[in-house]
Amino acid sequence: MRYVVITGLAVFAGILIRIKKEYKNRILIGFSLVMILMSALYNMRLMGKVMPSFHPTNQMFYQTSFIDKGDYPDSLLLQLFKGRTVYVKDDTFLIDEAEGHGKNYLYAYYHAKNMYWFLDMAGAETIRSEDMNDTMINEAQMKDDFVSLGNTNDMFRYCFMYNDIPDEPGNYFTYYWYYYDYLDTIKAYINQTADPSGETVFDADELVILWDAEDGTEEEDIYIMTKAYYDEAVSGKKEVSYNE
């Protein structure tokens with residue numbers, strides 16, 4: 001649209017110059033000022049969408065300052081999952097099952113599977129377990145033991161590059177619509193406490209990722225913890241915080 005406006009103004013300025021040749025310089029100056037003003041307004045409107053600059057303090061793309069704003073959590077998770085054994089739920093859906101639970105049909109294509117594809121791309125050994133399907137952290141554990149890494153809509157959106165879906169749900173545009181226009185914010189939470197063996201998610205060999213698949217809800221945050229923490233504090237469905 002902006003190109004149409006610019007072209008229209010240029011044509012209009014050209015016509016004015018032909019009609020009022022004696023005002024050629026003034027017309028050109030006015031046209032230039034209008035272009036400068038339009039460019040400034042356009043840049044101001046898009047300023048919030050420009051990728052921010054930052055000063056790196058380590059050799060990774062992920063910087064410690066990112067956690068304050070929740071920026072680029074997937075860049076950390078790629079390194080976190082690399083070479084690890086990661087246990088996840090085995091709760092994929094068929095289309096009629098997804099719609100029966102009040103979800104969009106695309107949920108059947110993307111739920112759980114995008115996480116599997118992301119883990120494979122990250123170089124993790126993924127172990128799916130139906131025994132984990134009904135387990136979830138409680139509110140006290142969420143408050144005391146987990147910290148938000150940020151939004152993961154981008155992470156799941158770019159999983160279109162790793163899927164094996166041959167038709168339209170596997171392309172970029174459908175992923176973009178689903179994770180940006182259709183869904184609200186999805187977050188990643190990571191366990192910040194040491195497990196019974198004294199290890200954290202950053203040095204344990206085995207990790208667990210949980211999500212809560214509720215009826216009528218498709219924004220499913222992910223929760224990352226060590227396998228020892230899961231076995232001790234989650235799989236037994238304790239109602240108190242692990243720290244307690």
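As a basis for the values below, the full set of heavy atoms in this structure was taken, side chains included, without hydrogen atoms, waters or symmetry mates. Keep in mind the model is a prediction, meaning the values are calculated, not measured.
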note = Between Met132 and Ile209 the two heavy atoms that sit nearest each other are CE-O, 4.2 Å
Over 12 non-hydrogen atoms of neighbours within 6.0 angstrom of OH in Tyr176 = no
query = Looking at residues at least two apart in the chain, or sitting in another chain, which of them share a salt bridge (Lys or Arg N to Asp or Glu O under 4.0 Å) with Lys227?
reply = Asp231
message = Check whether Asp144 reaches the backbone of Gln141 with its side chain - one donor and one acceptor, N or O, closer than 3.5 Å.
response = no
request  = Determine yes or no for a side-chain-to-main-chain donor-acceptor pair under 3.5 angstrom, with Lys103 supplying the side chain and Thr217 the backbone.
outcome  = yes
message = Would you say that Leu210 contacts Met225 through its side chain, given a criterion of any heavy-atom pair below 4.5 Å between the two side chains?
response = yes
message = Quick check: closest heavy atoms across Val201 and Thr226, and the distance to 0.1 Å?
response = N-CG2, 3.6 Å
request  = Taking all heavy atoms of Ala194 and all of Thr200, pick out the closest pair and write down the distance.
outcome  = CA-CG2, 4.2 Å
query = Is there side-chain contact between Met121 and Trp117, with at least one heavy-atom pair below 4.5 Å?
reply = no
query = Could you give the distance from OG (Ser75) to CG (Leu149), rounded to the nearest 0.5 Å?
reply = 9.5 Å
Close side-chain approach of Leu207 and Thr85, heavy atoms under 4.5 Å = no
ask   = Taking the six-membered ring where the residue is Trp, are the ring centres of Tyr162 and Phe118 under 6.0 Å apart?
value = no
inquiry  = With side-chain contact (heavy atoms from CB on, under 4.5 Å) as the criterion, how do Met38 and Val34 come out once you've worked through the C-alpha distance, each side chain's angles and the decisive distance to 0.1 Å?
reply    = CA-CA 6 Å; Met38 288 181 57; Val34 170; 4.0 Å; yes
ask   = So, for Ser235 and Thr135, which heavy atoms are closest and what is the spacing to 0.1 Å?
value = CA-CG2, 4.3 Å
Under 3.5 Å, sequence neighbours excluded: what are the donor-acceptor pairs made by side chains of residues 163-171?
from, atom 1, to, atom 2, distance (Å)
Asn163, OD1, Ile165, N, 3.0
Asn163, ND2, Phe160, O, 3.1
Asn163, ND2, Gly170, O, 3.1
Asn163, ND2, Tyr175, OH, 3.3
Asn171, OD1, Phe173, N, 3.2
Asn171, OD1, Thr174, N, 2.8
Asn171, OD1, Thr174, OG1, 2.9
Asn171, ND2, Glu168, O, 3.1

remark   = Heavy-atom nearest pair, Ile224 first then Phe146, reads O-CE2, 3.5 Å
inquiry  = Can you confirm whether Asp195 sits close enough to Thr193 that some side-chain heavy atom of one is under 4.5 Å from a side-chain heavy atom of the other?
reply    = no
message = Within the 4.5 Å heavy-atom criterion, are Ile19 and Ile15 side-chain neighbours or not?
response = yes
ask   = How many angstroms lie between atom CH2 of Trp177 and atom OH of Tyr172, to the nearest 0.5 angstrom?
value = 15.0 Å
task = Just do the side chain to side chain donor-acceptor pair (under 3.5 Å) check on Tyr178 and Glu218 with the steps written out, would you?
result = CA-CA 10 Å; Tyr178 186 77; Glu218 296 176 53; 2.5 Å; yes
Working for side chain to side chain donor-acceptor pair (under 3.5 Å), residues Glu219 and Tyr182 = CA-CA 10 Å; Glu219 294 84 4; Tyr182 181 71; over 6 Å; no
task = Would you give the length of the straight line joining atom CD1 of Ile190 to atom CG of Leu80, rounded to the nearest 0.5 angstrom?
result = 5.0 Å
request  = Look only at the side chain of Arg84 and the backbone of Ala204, and say whether a donor-acceptor pair between them is shorter than 3.5 Å.
outcome  = yes
task = Heavy atoms only: give me the nearest Glu220-Ile186 pair and the separation to one decimal.
result = O-CG2, 3.2 Å
note = ring-ring contact (aromatic ring centres under 6.0 Å, His included) with Tyr223: of Tyr230, Tyr189, Tyr229, only one passes, and it is Tyr189
query = How far does CG of Asp221 sit from CG of Asp212, to the nearest 0.5 angstrom?
reply = 9.5 Å
message = Is the terminal nitrogen or CZ of Lys113 (NZ for Lys, CZ for Arg) located under 6.0 angstrom from the six-membered ring centre of Tyr116 and within 45° of that ring's axis?
response = no
task = Please say which of Thr152, Asp154, Asn153, Asn114 ends up in a side-chain hydrogen bond (donor to acceptor under 3.5 Å, both in side chains) with Tyr179.
result = Asn114
ask   = Is Glu139 atom CD crowded by more than 12 heavy atoms from other residues, nucleotides or ligands, each under 6.0 Å away?
value = no
inquiry  = Does the Lys NZ or Arg CZ of Arg128 fall within the cation-pi geometry relative to Tyr87 - under 6.0 Å from the ring centre and within 45° of the axis?
reply    = no
task = Starting from the C-alpha separation in whole Å, work towards a yes-or-no answer on side chain to side chain donor-acceptor pair (under 3.5 Å) for Asn151 and Lys187.
result = CA-CA 4 Å; Asn151 301 345; Lys187 291 184 175 294; 2.9 Å; yes
query = Can you tell me how far OG of Ser197 sits from CD of Glu232, rounded to the nearest 0.5 angstrom?
reply = 10.5 Å
ask   = Nearest 0.5 Å, what's the CD1-CD1 distance between Ile29 and Ile27?
value = 10.5 Å
Identify each donor-acceptor pair in which a side-chain atom of residues 91-98 lies under 3.5 Å from a protein atom, sequence neighbours left out, and give them as a table.
from, atom 1, to, atom 2, distance (Å)
Asp91, OD1, His111, NE2, 3.1
Asp91, OD1, Trp211, NE1, 3.2
Asp91, OD2, His111, NE2, 3.2
Asp91, OD2, Trp211, NE1, 3.2
Glu97, OE1, Leu94, N, 2.8

Note, Met155 side chain near Ile222 side chain (heavy atom, < 4.5 Å) = yes
inquiry  = Heavy-atom count check: over 12 atoms from other residues, nucleotides or ligands less than 6.0 Å from Phe12 CZ?
reply    = no
